[in-house]
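Just so it is clear, the structure is predicted and the values come from calculations on it, not from any experiment. Values below: all heavy atoms of this structure, side chains included; hydrogens, waters and symmetry mates excluded.
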Amino acid sequence: MKINQLNIFGYGKLVNKKYDFNQLQIIYGLNESGKSTIISFIKSILFGFLDNRSNDGHYQPKSGDRYGGQLLVSFNDEDYIIERIYGSNGGNVKIIKSESSEELDEDFLKQILGPINRQNFDSLFYFGDLNLNEIKKMSERELIQRIQKIGVVGINDWLKLNDQFESTAKDIYKPTGKKDELHPLFNELDQLKLKLKETEKDYSEYLDLKDNVREYKKKIDELQNQIKKIKNDLLPMNNDVNQWENYQKLMDLNQQKLELKDNFNSNDYDSITKLVEQKRQIDNQIKDLNDQIIELKNENNSNELLSFYAENDNKIESLSNQNNEINYKNNQIKNDYDKQKQIQEKIDDLNEVENSDIKLMNNENLDYLINLLKEVDDEGKNKKNIFPVSLFIISIFIFISGFMIFSNVFNFLSVITLIVCGISGYFFFNSKNNSKQELNKIGLEYNMSDFSIYRWVELQNKLNQLNDLKLQEQKNNDQIKNTLDEINMYVNQWNFAKDYIDFNSDVSHNLTNIKSFIDSMKDIDKSITNKKVKLDNYNEMLNTLYIDQKNIIQKINQFYDVREIKSFDEFIKRYHEQENIKDKLQKKSELQKLFNPDQINRFSNYESKDKLKENINQKNSNLNDLENEISTLNSKYANDNATISNIVKNGLYSEIKQKIVNQEDEIKETIKKWLVYKLSSDWINKALFNATKGRIPMVQANAEKYFSYLTNHKYVKITYQKTKLKVVDSDKNTFDVQELSKGTMIQLYLSLVFSLTLAFSDDYPMPLIIDDGFVDFDSLRTKNAFKVLKEISESTQVLYFTANDQVLKYNDYHILKLD
């Protein structure tokens, strides 16, 4: 599982926060910036919220926001959202599949976590508060059980049952034991067999044996008195021979001239050793920085694309600034093509006039045509035509009525009216005939005679629209051509980069490749800038180191001048000479306390140590002879007494034989019981080993590899002697864990955590969380530790939380800075 993002609704002082994580993520922040809160948040979302009584504290947000949040994780190449809001039983949890937004059953979280619970996670995947006593006491069995507790159902019951089987088997039989069940049974069997033989002897021996016992006792008493006298003589002689070497050493030291000089003591040794070591570290740092500077310069010189960019950066920058505008114009061409298509569709709709010989009228002639058409329209639709006809009819009516009824005067007026109406009618009908003639003339002039006169205006409008569309079409074509020319001209300007850009006849293809090339050039520019910054930083660091180197050399030379020596080796030689004198003086003082004046006088009376040993050996030989004789007599005494007792107790031969048979049966049943418990224990151990997929050897091998690397190969092996954890250095010296420094002890524990995490990363790839794990490391071991983290992150995600601002120098790692 990999954590891609934290979305915190509300958790402690963190409210509405989002953080993105990489495979190897460094989270830097000062104290109180929220590092511990983020670690607790991750554990709470995965394993549930702890109640208020927990030592981990309570993170209810003060602002009243929702208490909880989300983890965006990847699992088996799929992305999921794990959301948990504070509530009973660890909180309310939801698991959502990111791609489909499908909400999954809560049991899916158990599938992601597997057998990992909060306790297992803290043991295997979290390196925070360190209990150094736990490391000192760790045994091989504890490490094995720690591995077996992951991935084996009911492991605690199995381990408890295994311990019971082993304990019961040892109670029955222990090869080196004496208080188990089997050893007394065998001893009793031997006694019964011996008794069986003894019962076969004749009872007549009893009286002879009693006489022998009395003689043995008398002789033993005599010999013991002799031994006591010899031992009293040997006591001072043995003491003197044991002290002979010390006496000789004291005499040798008394003859030597032992005088201590100033300025060569252990404090002086510590001072010069520290200065020399500082100089060595600075020299190494200077060498490393120079190597890195050379490497950076070689990278720039060996990269053909970097050289090309350096030669053409101004031209590339100038053309890159035009790229967005050119791409915009390329997109505009697509719009122009769409517009061209629309214009063509409209032209196709006007094919009636496009394919005819109709001529276009100007606006004045078109207005005249419209008026003519109005004049020839039917009377019901035109009031101008209705008036002359009505007037003519009324005039006829007046004329007839007046002629029949009225006087001559009125008849005269009627005649006049009739004449006027006739004239009007003439002009009306004559005017109508003229309009039709004009229309015929227009139809012939503009080739519209084949169409109804009532469509002529429509046709003229269409023809006018057609001309406008063709003008638009031409203008649009000109615009497309000009834009294409401009784009092609821009593309041709990139011809100097043809070795790096794939060109063909497709404009869009060329522009896309140019855009990709520009993006790559931006990356190169960024890379050059970063390398320049890095180079400047290296040079600045180098100058500082040269100053420090000069100061250290000056202090070292002052140290040598005071002692009138030329080199560190000469100081070490003088120092060891002084230490040797100091040891001899100490030894002399200790030896003087061993002897009083009487002892010194006694030693002076001895001819030699060999002569003293010869006397002691002679007395010891006499003593041994006496003791052997007593031993022989004691054996005879005991045997005869035992024989007497057995004869006294004399049981029947058949009864003793039956007891032997019964004893052998009991021994067989006890052995069977022992085999059951022993084989059951062996079976459980083998089953647990198989269940953990052989992780135990892999954990131990990886732990040794990481520990060697973290300590810069000072320590090369981790071993268990008498079940306790020990380490071996490159000189094959073995050390107990409690002999290590705090920093080295942390590196040992970190190696075990790394190896355990790596062993379970295939089956349970949980993220490894490290909280300021390198705070006690020097700079070299810190650098090695980060390289190990990078290797670990190839198998499982690593989240490193720290308040040490030195991590900001690691530009190659992803660093998240907290506010």
Side-chain angles (χ1 to χ4, degrees), residues 139-141 157-224 227-228 623-687 722-723:
S139 68
E140 184 175 27
R141 179 174 179 83
D157 294 335
W158 283 108
L159 293 174
K160 183 177 180 181
L161 183 61
N162 185 44
D163 289 340
Q164 291 175 353
F165 286 163
E166 286 185 351
S167 177
T168 304
K170 289 179 180 178
D171 290 339
I172 296 171
Y173 173 71
K174 188 186 297 183
T176 59
K178 294 181 179 179
K179 296 183 179 181
D180 54 26
E181 290 184 29
L182 274 176
H183 277 91
L185 291 176
F186 280 117
N187 292 336
E188 188 175 348
L189 178 63
D190 292 338
Q191 293 297 324
L192 285 172
K193 290 180 178 179
L194 180 63
K195 185 176 181 180
L196 183 64
K197 291 180 180 180
E198 291 173 350
T199 56
E200 295 175 348
K201 297 178 181 179
D202 189 355
Y203 180 72
S204 62
E205 297 178 11
Y206 178 76
L207 295 176
D208 294 336
L209 290 172
K210 290 290 285 183
D211 292 337
N212 291 339
V213 166
R214 282 192 292 270
E215 290 297 323
Y216 294 152
K217 182 70 172 65
K218 181 180 177 182
K219 184 65 174 175
I220 288 171
D221 291 339
E222 293 174 357
L223 293 174
Q224 284 179 340
I227 288 173
K228 183 177 181 181
L623 186 63
N624 288 334
D625 292 341
L626 292 172
E627 288 176 342
N628 288 335
E629 188 175 354
I630 288 177
S631 177
T632 302
L633 291 171
N634 277 329
S635 178
K636 291 179 179 180
Y637 178 85
N639 289 336
D640 288 353
N641 263 333
T643 303
I644 291 171
S645 298
N646 288 333
I647 292 173
V648 171
K649 295 177 182 179
N650 188 25
L652 295 177
Y653 182 82
S654 60
E655 290 178 352
I656 296 174
K657 211 169 182 184
Q658 184 59 47
K659 287 181 180 180
I660 289 174
V661 172
N662 295 339
Q663 187 75 4
E664 287 175 344
D665 289 339
E666 185 177 356
I667 288 173
K668 289 177 183 178
E669 290 301 318
T670 305
I671 290 174
K672 288 180 182 179
K673 186 169 62 172
W674 176 79
L675 282 173
V676 169
Y677 287 112
K678 182 62 176 173
L679 292 175
S680 298
S681 175
D682 292 343
W683 179 86
I684 290 174
N685 284 325
K686 186 174 182 181
K722 296 182 180 179
T723 74

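- Checked against side-chain contact (heavy atoms from CB on, under 4.5 Å), Asp625 has the following partners two or more places apart in sequence or in another chain: Ser621.
- Atom CG in Leu223 sits 11.0 Å away from atom CG in Leu623 (nearest 0.5 Å).
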- [ ] Show the numbers, then the answer: is there a side-chain contact (heavy atoms from CB on, under 4.5 Å) between Asn212 and Lys636?
- [x] CA-CA 9 Å; Asn212 291 339; Lys636 291 179 179 180; over 6 Å; no
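- Contact record, Ile227 with Leu626: CG1-CB, 3.6 Å, taken as the closest heavy-atom pair.
- Residues meeting the salt bridge (Lys or Arg N to Asp or Glu O under 4.0 Å) test with Asp221, sequence neighbours left out: Lys217.
- Interatomic distance, CD of Glu222 versus CG of Leu633, reported as 10.0 Å (0.5 Å rounding).
- Atoms CG and CG, from Asn634 and Asn628 in turn, are 11.5 Å apart once rounded to the nearest 0.5 Å.
- A 4.5 Å side-chain heavy-atom check between Thr632 and Glu629 finds every atom pair outside the cut-off.
- Here the side chain of Ser635 pairs no donor or acceptor atom with the backbone of Ser631 at under 3.5 angstrom.
- Under the salt bridge (Lys or Arg N to Asp or Glu O under 4.0 Å) criterion, Lys219 pairs with no residue at all, not counting sequence neighbours.
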